[in-house]
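Taking it in order: structure first as structure tokens, then the write-up.
When reading the values below, keep in mind they use all heavy atoms of this one structure, side chains included, and skip hydrogens, waters and symmetry mates. Quantities reported herein were computed from a predicted structural model and do not represent experimental measurements.
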Amino acid sequence: VNMQSEKNMLLEKERDFSDVINSTFEFVRHEFLPLLKLLAIYTSAPTAIFAIIQSYYMKDSLNNAIQKIADQGIDYALPLLSWLPWLILASMNQYFFIWGLTLEYMNLYKEKGKDNFTIGEVWSAFLHKLPRIIGLNIVVAVIFLMALLLLIIPAIWFSIVTILMMPILIFENASIK
């Protein structure tokens, strides 16, 4: 282990593409256990509950909806499909939750340095930004669903445009205005 790996890793540094990849793996290698502990403590139970609910829905409701569409038409399957947008929204919430905690961990690493903050501080900072994260999630979900209604290409384009909203919210402590 070299001396630089024991020091803080400089996150705000201009890098070329290969250095970005190498630095990402180096950061994950050195911070894997604390980050894994953070995610295990705060996201494992909600993720497991969501996975159980989603697998139940996918197994029963979607199979029944597809069968009803084949037999009787789409009008009879709409009540069964009504939960699908809510599952997509819940899935996006899980994604934003895990990603937000990871970004907040990186933000505190950048501000305080390696081993100078606790998992509780990450959680507290994340909770402080949670209303803005939820608002951002709603805005992104509406944009994405509207783009998805327009077709797949606009949804891909909007997802690329909105991908940096969460890091800006976390690192710059910005609002969604």
Main chain of Ile98, side chain of Thr102: is a donor-acceptor contact present, judged purely on distance under 3.5 Å?
yes
How long is the gap from [atom1] on [X] to [atom2] on [Y], to the nearest 0.5 Å?
X	Y	atom1	atom2	value
Leu39	Leu101	CG	CG	6.5 Å
Ile170	Leu136	CD1	CG	9.0 Å
Glu121	Asn116	CD	CG	9.0 Å
Met166	Tyr95	CE	OH	8.0 Å
Leu33	Leu38	CG	CG	12.5 Å
Glu14	Asp19	CD	CG	10.5 Å

What's the shortest heavy-atom distance between [X] and [Y], and which atoms?
X	Y	value
Pro167	Trp99	CD-CH2, 3.6 Å
Glu104	Val122	CG-O, 3.7 Å
Thr43	Gln94	O-NE2, 4.5 Å
Lys129	Asn107	NZ-ND2, 3.5 Å
Ala125	Leu108	CB-CD1, 4.4 Å
Thr24	Val20	OG1-O, 2.7 Å

Is there a side-chain contact between [X] and [Y] in this structure, where contact means two heavy atoms from C-beta onward sitting under 4.5 Å apart?
X	Y	answer
Phe27	Tyr109	yes
Trp123	Leu127	yes
Val140	Phe96	yes
Glu31	Met106	no

Within 6.0 Å of NZ in Lys110, more than 12 heavy atoms from elsewhere
yes
Indicate, with yes or no, if the rings of Tyr105 and Phe126 have centres closer together than 6.0 Å.
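When the ring centroids of Tyr105 and Phe126 are compared, they turn out to be at least 6.0 Å apart.
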